[in-house]
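Have a look at the structure below before the remarks.
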2 protein chains.
Amino acid sequence: MASRKSRPERRQEPLSRERIVAAAVELLDTVGEGGLTFRALAERLATGPGAIYWHVTGKTELLLAAMDAVIAPTLAGDDTGATPQDAIRALALGVFDAIDAHPWVGTTLARLPRTPGKSPMLRVFERIGRQVQALRVPETAQFTAASALLSYILGVAGQNAANTLAARANTDRAAFLDAVAAAWRELDPDQYPFTRDVAGQLREHDDRAEFLAGIDLILAGITAGRADGRTRP
Amino acid sequence: MASRKSRPERRQEPLSRERIVAAAVELLDTVGEGGLTFRALAERLATGPGAIYWHVTGKTELLLAAMDAVIAPTLAGDDTGATPQDAIRALALGVFDAIDAHPWVGTTLARLPRTPGKSPMLRVFERIGRQVQALRVPETAQFTAASALLSYILGVAGQNAANTLAARANTDRAAFLDAVAAAWRELDPDQYPFTRDVAGQLREHDDRAEFLAGIDLILAGITAGRADGRTRP
DNA sequence: ACCTGAACACCGTTCAAGT
DNA sequence: ACCTGAACACCGTTCAAGT
């Protein structure tokens, strides 16, 4: 239809919000949160740092846009057909995997200032909420249930991202977990009896499975006592 | 017993880790995370920035120490006498209140690199874990249960801290919640039906009560199906 | 042993000047 | 309208030099 240059020359592509955000994600994935710099970004886009400010108001907006670019695609799936529980599990795993692949999302989430209502996490909240409604949770309890699920997801995301980054800084994940387990076992038995007890479980533990088990715990709490009857007749 | 100057002259007090950490907490409380600067800290302590490095290895260690100074006192309480559920609620509320009073703790938590095993949150994990054991959770499920509770607490803490900071930046909390609710109500009904539905509940909602309700949800999940009998006989 | 403060190698952001 | 890049006002951290 429309005419197209057969060889688009990379250097002359005009700057745009999308190109900037894409470059930011790439930079964040490659060199981490500390590597996202207006100077580095400008160099990658073959301009000066000032040019970026024409398309983006500042670093905060850039980070929000980068997060959204990573999170939004994981919510593209269709929930029809699955049970609400399974839809929530799938949703949660999608966010988990996205943050596992882009740890900077997890560590950035907590730090960003809340513009009223507009956050990449609102998409997740909405999707969870719809499934909570499908679970037939009473209206007054829906907000609590959806918030609890989202908070848990964000909490794990942050922890897991921090661990991923720490593991990356050291050698690999297995070695890192071993180091943590070893450190736990050397704790003062009077002060840390429980932590020492469970240190052994750290080695063969699967972050993803553990995450899902926590989701199931909350789901069980949400639906507790209204399945086949109440505990007190 | 030992002789003591009656008027300790403030200016000559020697520098020490404790004084540095105390000044850091004060600075963080007063001017926020962005306000903690080695230069500002040095000025408050009447020295040069270099002096601080003699007592502290860098900014990360300083932040960890500041967090620990705020969190550790909230765990001083004694759990004997209370039910495990109540002990966990008290513990969780202590952390919640500490982070509510010092929002920078919540936003800092996720970002800090994990030194193997040594984190201010390990204290919380240990305390939760002991109560999970007291709940008679099977050994293989203890780690999952304690982790889920901790992750939820951290997730809420981060969210709440971000909200507190956003509210502080705007006018007050009530006005901020109103602004969020208004923004939610203006969302596209096709894309955000649930969020629009619950926007009304945001106004009379109590963060602390909501937090506790989430804890109870997880506790219910942890103890589900083993109180007065199983759902399937 | 502990402190000082200038200096180094960076930041985010702004803004006159260009096209 | 959009881009350039020097300049401003900062950072964390280091380190020779002092006491």
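Values below: every heavy atom of this structure, side chains too, minus hydrogens, waters and symmetry copies.
Atom CD1 in Ile20(B) sits roughly 11 Å away from atom C1' in dC2(C) (whole-Å rounding). Residue Ile52(B) contributes atom CD1, which lies 18 Å from atom P of dC15(D) at whole-angstrom precision. Atom CZ in Arg19(B) sits about 14 Å away from atom C1' in dC2(C), given to the nearest Å.
Salt bridge status for Glu186(A) with Arg196(A): absent, with no side-chain N to carboxylate O gap under 4.0 Å. Electrostatic pairing of Arg39(B) and Glu43(B) does not count as a salt bridge here, judged by no charged N lying under 4.0 Å from a carboxylate O. The pair Arg123(B)-Asp68(B) counts as a salt bridge, with a side-chain nitrogen and a carboxylate oxygen less than 4.0 angstrom apart.
A close approach under 4.0 Å does occur between a side-chain nitrogen or oxygen of Trp54(B) and OP1 or OP2 of dC2(C).
Phe96(A) pairs in a side chain to side chain contact (heavy atoms under 4.5 Å, CB included) with only one of the listed residues (Ile153(A), Thr74(A), Asp207(A), Leu91(A)), which is Asp207(A).
Tyr152(B) and Tyr152(A) have their aromatic ring centers separated by at least 6.0 angstrom. Proximity of the aromatic rings of Trp184(A) and Phe125(B) is defined here by a centroid distance below 6.0 angstrom, and this criterion is met.
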CA sep, side-chain torsions, deciding dist, call: Ser151(A), Gln159(B), side chain to side chain donor-acceptor pair (under 3.5 Å)
CA-CA 7 Å; Ser151(A) 292; Gln159(B) 290 276 94; 5.2 Å; no
Look for any protein N or O under 3.5 Å of an N or O in nucleotides 5-12 of chain C and output each such pair with its distance, or none.
residue: dG5(C); atom: O6; partner: Gly50(B); partner atom: N; Å: 3.4
residue: dG12(C); atom: OP1; partner: Leu36(A); partner atom: O; Å: 3.3
residue: dG12(C); atom: OP1; partner: Lys59(A); partner atom: NZ; Å: 2.7
residue: dG12(C); atom: OP2; partner: Phe38(A); partner atom: N; Å: 3.1
residue: dG12(C); atom: N7; partner: Arg39(A); partner atom: NH2; Å: 2.5
residue: dG12(C); atom: O6; partner: Arg39(A); partner atom: NH2; Å: 2.8

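With contacts defined as side-chain heavy-atom distances shorter than 4.5 Å, the pair Phe194(B)/Gln142(A) qualifies.
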Under the 3.5 Å Watson-Crick or G-U criterion, the dot-bracket string of DNA chain D, with | for inter-strand pairs:
||.|||||...|||||.||
